[in-house]
Protein chains: 2
Amino acid sequence: MSETAMLFVHDEGQKAIMDVAAQCFLERGFHATSIDDVARRLGSTKGRVYHFFASKADLLFAVAEHGMDVNFKAIEPYLDADMPAIKKLYEMAIAHTLAMINYRPYQNAVWQGVEIYMRGATTPEQRERLSTLVDTRDRYSTLFRSVLEQARDDGALSYRDGSIARQLMFMTLNSPVFWYKPREGETDADRLSIARQCVDFALSGLDARHAAV
Amino acid sequence: MSETAMLFVHDEGQKAIMDVAAQCFLERGFHATSIDDVARRLGSTKGRVYHFFASKADLLFAVAEHGMDVNFKAIEPYLDADMPAIKKLYEMAIAHTLAMINYRPYQNAVWQGVEIYMRGATTPEQRERLSTLVDTRDRYSTLFRSVLEQARDDGALSYRDGSIARQLMFMTLNSPVFWYKPREGETDADRLSIARQCVDFALSGLDARHAAV
DNA sequence: GTTGACAACCTACCCAGTAGTATGTGCAAT
DNA sequence: ATTGCACATACTACTGGGTAGGTTGTCAAC
């Protein structure tokens, strides 16, 4: 669990709102979602939402930060595992991608939160909150970065620009957030298969054997 | 040029508005951009925008469709080229990725347009227009699909699920739309280098040699 | 068992911003 | 002189974030 995770303990009331909000943000997008939409979906009114969250941006922030908590928890078991860097990277990538699939609404909120921050959120208050989210995501990215570099030092990977390599890797691993839709009667094994395809794609990509066809 | 390209001939007046609108949509996002924002940036007023475009959605549509036209033009030279499928794929992918880099505001509008459609645009009129955009994009995707399949038949590639493979490939090739920022004194060669990294990543990824570490 | 306090809402409202429109205006071409 | 294009001005109508104040249920203290 991330250090900040403890700062965001949500009770039942908050969690129910967050679940619905995450779903709305996924379906309509943050800007196109009104608090009334969220409330309607909850079978209640705005009052309930504003009782627990100071603003609409605050709600997005809470949802996104929870998504990041899920990610930290997912890869935590492997961080101190005693295995080759490439193997560790593989396990972390699978765990990460499965989190994208299984918590898609929350992960989508992370994406939207970061995007809004990058675009320059309006109020200073909003910016500070979203900046915290971006920091959290950067800290998370760093965990992969060190494993990536170690794997390259071991000769298991051979990418060029580390910054672009990480961009492309995360783009691939995160991509289910954009296109994954659960099929009827889908099992955990099916989802694992999808995750494996993403990870195989990414890890192969990090090994630039194709260099200049 | 695509068949539909001729349907969207924009004169100087329209193009100036589209350029500014594309930039605004990129920086603030479609929903967060008001027509007044676009007009302000043009040094004029709403009247000018609404003189050329029926609605805000219409403006997005025009921008996005123009972005797709750019893409069709970029890969056109290679479609009937006499070369191995894998080589053709490589050239098309480079051209495509360079288009993402060089026309980022327009390409970002394509992405936003598709997203808004997927999320279910409000009015039927909007839906129809955006559905045209999605069709155009699907037609474009098909051009890659056939080359991809031929390359696999040639034994040059070996992906599993074709649908997921294309998703991941386009995700990688399109990714500069999200993170590319021109550096100071950047040359065409620099941009080509970035495109190459994306394409190498994608093509390596399509060759599942890593399968199960 | 009554009171007080507090959480968890709801109702009714304000108001800033924004898509879209109706109408006016300058100017170039004919 | 008149038409018509390319805008500007000045609206309307409405959405949607946020707030102020009231209401209800619960639970602890006395």
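What you see below is based on every heavy atom in this structure, not just the backbone, and it leaves out hydrogens, waters and symmetry mates. Per chain, numbering begins at 1; letters A, B, ... match sequence-line order.
Taken to the nearest 0.5 Å, the CE atom of Met68(B) stands 12.0 Å off from the NE2 atom of His66(B).
Of the two residues near DNA chain D, Ala54(A) and Ala32(A), the one whose nearest nucleotide lies more 5' is Ala32(A).
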Any protein N or O atoms within reach of nucleotides 9-16 of chain C? Criterion: under 3.5 Å, listing atom names and distances.
residue: dC10(C); atom: OP2; partner: Thr45(A); partner atom: N; Å: 3.1
residue: dC10(C); atom: OP2; partner: Thr45(A); partner atom: OG1; Å: 2.9

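In this structure, CG of Asp36(A) is placed 9 Å from C1' of dG17(D), rounded to the nearest angstrom. Going from atom CG of Asp37(A) over to atom P of dT15(D) covers 12 Å, rounded to whole Å. The CD atom of Gln14(A) sits 13 Å away from the P atom of dA7(C) (whole-angstrom rounding). Put simply, NE2 on His31(B) is 11 Å from P on dG16(D), counting in whole angstrom units. Counting to the nearest Å, the P atom of dC7(D) and the CZ atom of Phe53(B) are 12 Å from each other. Remark: P of dA8(D) and CD1 of Ile35(B) are 14 Å apart, rounded to the nearest angstrom. In this entry the distance linking OH of Tyr50(A) with P of dG16(D) reads 12 Å, nearest Å.
Distance alone, capped at 3.5 Å, places no donor-acceptor pair between the Lys56(B) side chain and the Ile35(B) backbone.
A distance of 6.0 Å or more separates the ring centres of Phe30(B) and Trp111(B).
Looking only at atom types and distance, the side chain of Gln126(B) has no donor-acceptor partner in the side chain of Asp58(B) under 3.5 Å away. Between the side chains of Asp19(A) and Gln23(A), no donor-acceptor pair is found at a separation under 3.5 Å.
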In residues 141-149 of chain A, what donor-acceptor pairs under 3.5 Å come from side-chain atoms, sequence neighbours left out?
residue: Thr142(A); atom: OG1; partner: Asp138(A); partner atom: O; Å: 2.8
residue: Arg145(A); atom: NE; partner: Glu149(A); partner atom: OE2; Å: 3.4
residue: Ser146(A); atom: OG; partner: Thr142(A); partner atom: O; Å: 3.3
residue: Ser146(A); atom: OG; partner: Leu143(A); partner atom: O; Å: 3.2

